[in-house]
Structure formats: C-alpha cells, structure tokens
Amino acid sequence: MVDVVFSNGRVHMQTRLESLTRQYKREADRRKRDLLRFQIQGEVARVLASTMDRYSDCLEQIVDAVAVIMDAGRVSLLVKKKAFLEIAASVGIPEETLKKGILIRLGQGIAGKVAETGEPVITGDLRRDEYLKENAVGGEQYKSNAFICLPLKTEDNEIVGVINVANPVQGSTFDQKDYSFLTKVAELMGTFLFKSMQFEAMRQKSGTVGRVSLTGVPAVDAAAVAAAREKDDFKKRLEVRPRRKPFQSKPPSKPPANKPKPPPPPPPPKKS
C-alpha cells in the first residue's frame, strides 16, 4: 500500500516503509513508537525479500528509516567490491563527498577494519578516542560522542559490507533499543546483499541482458521472479506430499445364512 505525495509539482508514490518512517517521526507516544519500530523492522525484511534489482532505491529507504529510528544525523551503508568498500546509500554525507566516489580499502579506517575483521566498533565518545577519530574517513565531520559501525554478514559469516551510524541529533549516545534495531537491520542487509550479488554473478555468467547492478540499473521484474519461485515451491510441495489411497467402499456385509433346524426328537414309545 502506498500514499501519493506531492512535492514541488511532482508526484511521488510513497512506499509503506516511507509511510511508517514518517509516522514514527511524528508520533510522540513511547508505546506507539515502540510498536512502529517493530513494524518498520518487519517492513525492512519484507522489502529486502521482495526486491532483487531495485535495491538501490531500497537501500536509500532503509538508511532513511535507520536515521529516523535512531535519531542520527549521519548514516552510511557501504558495500564490498573486491578489496574496497563503496558508499551505496547515505544520510548526512555532503553531496560533494559522494560525487568524489570515495573507495575505502579493506583495513583502512574504521569501516575498512570492520569489513576486514568482522568485529563491530561501538564507542560512546569518538572525540576522546584518538585512534578511532584519526582512522575515521572524514573524521572531522563526526562531531558527536557516539559512533557505531557494524559488519554486514551472511549466514556463513562472509562480510559483504558495513553500516555506520553517528551524530545523534538529541542526547549523548544511542540506547539499547537503537543498537538492537541496527543489529537486526545489519543481519537482514548482509543476507540480502549476498543473495543479490549471487544473482548478479549468475546473470553475468549466463550473459543475460540487463544485469543487476549496485548502481540501481533495473534488470528484471521482481514480481515475475517471485511468481516463478512460488510456482516451483508449489511443485515441490506436490512431489513430497504423500499420496492417498483411492477410496474404496466396503461391500455391505451379508447376513449369516440360516442354519438348518435340527430334526424333531422321536416320539416317545407307546405303552402296552
């Protein structure tokens, strides 16, 4: 379900994830915000599962949701490309920085080390940790006292990228709810990106026109892919379903045959 939003004379079809994110931002009641947080988390999972070739737009929506939920002024999602990390989506990074197309080598800076080792970095005060501040790419732009960098891992612990969150708008740090939310999103993103990369590799190997790309070039109809998978799953369920024996009605039971009556006893002898 989508809402139509008019902006500068343009029509934008707002997705459910965007709608829930805006609703969370407007909501003041703590309980309702907690409920919306779980709804957004579920919607992130649904969006990731239903998109294969449009994930450039999908990543922007998810990063925006993370920024709103965690009330962060700076969020960046970096994907692994061979020996480098590339920014795929971000909030709060200057446009001129993004236009430079910065690539971070694995092992370089905080994000590079997290992508290399798989160990998260969580600090309550980036400014007091000289090592972290010096190794943060664009470290002077981190003006807050809280910084989180989590690896994006597959189910087999293969690292496909990282997500950075910093500069809390209000307060001095991120709380446990924020960390739990970001951890779940990172888990989903790791699995999703890995499957997308596998899909892209298969398309490249087969030479199919319209490859999936990290730049967001449309390739295939996600609805058609989902329909084909559902059809295959249905066939598999039919194959493993145990067959029932054909119904056979039992013939009506015959009444027992009448037994012959025993002969009558002989008459008593006559008296003389």
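Residue numbers count from 1 along this sequence.
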Under 4.5 Å between any side-chain heavy atoms of [X] and [Y], yes or no?
{"X": "Leu152", "Y": "Ile159", "result": "no"}
{"X": "Ile93", "Y": "Arg74", "result": "yes"}
{"X": "Val114", "Y": "Leu150", "result": "no"}
{"X": "Met189", "Y": "Ile163", "result": "no"}
{"X": "Pro120", "Y": "Cys149", "result": "no"}
{"X": "Val165", "Y": "Val66", "result": "yes"}
{"X": "Tyr179", "Y": "Thr183", "result": "yes"}
{"X": "Lys153", "Y": "Val160", "result": "no"}

List the atom of [X], the atom of [Y], and the distance in Å for their closest heavy-atom pair.
{"X": "Ile102", "Y": "Thr97", "value": "CD1-CG2, 3.6 Å"}
{"X": "Ala111", "Y": "Asn164", "value": "CB-ND2, 4.1 Å"}
{"X": "Pro151", "Y": "Gly118", "value": "CG-O, 3.3 Å"}

Heavy-atom donor-acceptor pair, Ser50 side chain to Val47 backbone, under 3.5 Å
yes

Checking Glu18 side chain against Thr15 main chain: does a donor-acceptor pair fall under 3.5 Å?
yes

Which pairs with one or both residues in residues 161-173 pass salt bridge (Lys or Arg N to Asp or Glu O under 4.0 Å), sequence neighbours excluded?
none

Could you list all the salt bridge (Lys or Arg N to Asp or Glu O under 4.0 Å) pairs where at least one residue sits in residues 167-190, not counting sequence neighbours?
Asp34-Lys177, Arg37-Asp178

Verdict with supporting geometry, Leu77 and Ile87, side chain to side chain contact (heavy atoms under 4.5 Å, CB included)
CA-CA 6 Å; Leu77 175 67; Ile87 298 176; over 6 Å; no

Determine whether Leu48 and Ile62 satisfy the following criterion, side chain to side chain contact (heavy atoms under 4.5 Å, CB included), listing intermediate values before the conclusion.
CA-CA 9 Å; Leu48 292 175; Ile62 293 173; 3.5 Å; yes

Within a reach of under 6.0 Å around CD of Glu155, are more than 12 heavy atoms found that belong to other residues, nucleotides or ligands?
no

Nearest 0.5 Å, please: how far is [atom2] in [Y] from [atom1] in [X]?
{"X": "Asn167", "Y": "Met70", "atom1": "CG", "atom2": "CE", "answer": "12.0 Å"}
{"X": "Leu78", "Y": "Ser90", "atom1": "CG", "atom2": "OG", "answer": "9.0 Å"}
{"X": "Phe181", "Y": "Phe174", "atom1": "CZ", "atom2": "CZ", "answer": "12.5 Å"}

Cluster overlap Phe38 with Leu182, hydrophobic side-chain contacts below 4.5 Å
no

Same apolar cluster (I L V M F W Y, side chains within < 4.5 Å links), Val169/Tyr24:
no

With sequence neighbours left out, write down each residue that passes side-chain contact (heavy atoms from CB on, under 4.5 Å) with Glu27, or none if nothing qualifies.
Asp29, Lys32, Arg33, Leu36

Holding to side-chain contact (heavy atoms from CB on, under 4.5 Å), I want the full list of residues that pass it with Leu106, two or more places apart in sequence or in another chain.
Lys80, Leu85, Ala115

Please determine whether side chain to side chain contact (heavy atoms under 4.5 Å, CB included) holds for the pair Ile40 and Ile69, giving the CA-CA distance in whole Å, both sets of side-chain angles, and the decisive distance to 0.1 Å.
CA-CA 9 Å; Ile40 290 173; Ile69 293 294; 3.6 Å; yes

Residues in salt bridge (Lys or Arg N to Asp or Glu O under 4.0 Å) with Arg46, at least two apart?
Glu43

Members sharing Leu103's hydrophobic cluster, built from side-chain contacts under 4.5 Å between Ile, Leu, Val, Met, Phe, Trp and Tyr, are Phe84

